Amino acid sequence: MLQMDNDKPIRLTIWISRLVRWGLGGLFIAIGILYFNKDGWPAILFGTAMIITGFFRPKRCIGDSCELPATHKK
């Protein structure tokens, strides 16, 4: 399948978003591990959630429109 040139900025944006989420998730997990004896488990859970959501592809504001699925122009 041929890739269009218009897909490059979108893919770059998605990868930057993923890398930021994975990096911040790792940072929160590391902080949670360092402070685990002082109730650091919420930071570990939050970091894990950030890493997991980094694998999801965003559905909004990519491409030509930023509309919610429920809103339609008439």
Side-chain angles (χ1 to χ4, degrees):
M1 180 187 276
L2 291 172
Q3 293 291 332
M4 300 178 87
D5 289 333
N6 295 342
D7 287 345
K8 284 185 180 182
I10 294 170
R11 287 179 180 238
L12 180 64
T13 304
I14 290 171
W15 274 107
I16 289 172
S17 171
R18 286 179 176 175
L19 290 173
V20 167
R21 281 189 171 273
W22 293 336
L24 287 174
L27 179 69
F28 275 100
I29 290 173
I31 290 171
I33 290 171
L34 286 174
Y35 292 102
F36 190 71
N37 291 336
K38 298 178 184 177
D39 291 329
W41 61 269
I44 294 172
L45 290 177
F46 184 68
T48 303
M50 286 189 73
I51 288 175
I52 290 170
T53 58
F55 288 101
F56 298 145
R57 184 180 170 130
K59 303 267 186 223
R60 234 180 90 194
C61 291
I62 292 181
D64 295 337
S65 72
C66 281
E67 293 181 22
L68 292 171
T71 59
H72 299 291
K73 291 184 179 179
K74 292 184 180 181

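The figures here come from the full heavy-atom set of this structure, side chains too, leaving out hydrogens, waters and symmetry mates. These figures come from a predicted structure and were not determined experimentally.
- Taking every heavy atom of both residues into account, A43 and G32 meet most closely at CB-CA, 3.8 Å.
- Here Y35 pairs with nothing under the ring pair (Phe, Tyr, Trp, His ring centres under 6.0 Å) rule; sequence neighbours left out.
- Distance check, rounded to the nearest 0.5 Å: CZ of F56 to CD1 of I14 gives 14.5 Å.
- Take L19 and apply the side chain to side chain contact (heavy atoms under 4.5 Å, CB included) test, not counting sequence neighbours, and it matches W22.
- Judged as a side-chain hydrogen bond (donor to acceptor under 3.5 Å, both in side chains), the pairs with a partner in residues 44-55 (not counting sequence neighbours) are, in order, R21-T53.
- For I33, the side chain to side chain contact (heavy atoms under 4.5 Å, CB included) criterion is met by I29, I44, not counting sequence neighbours.
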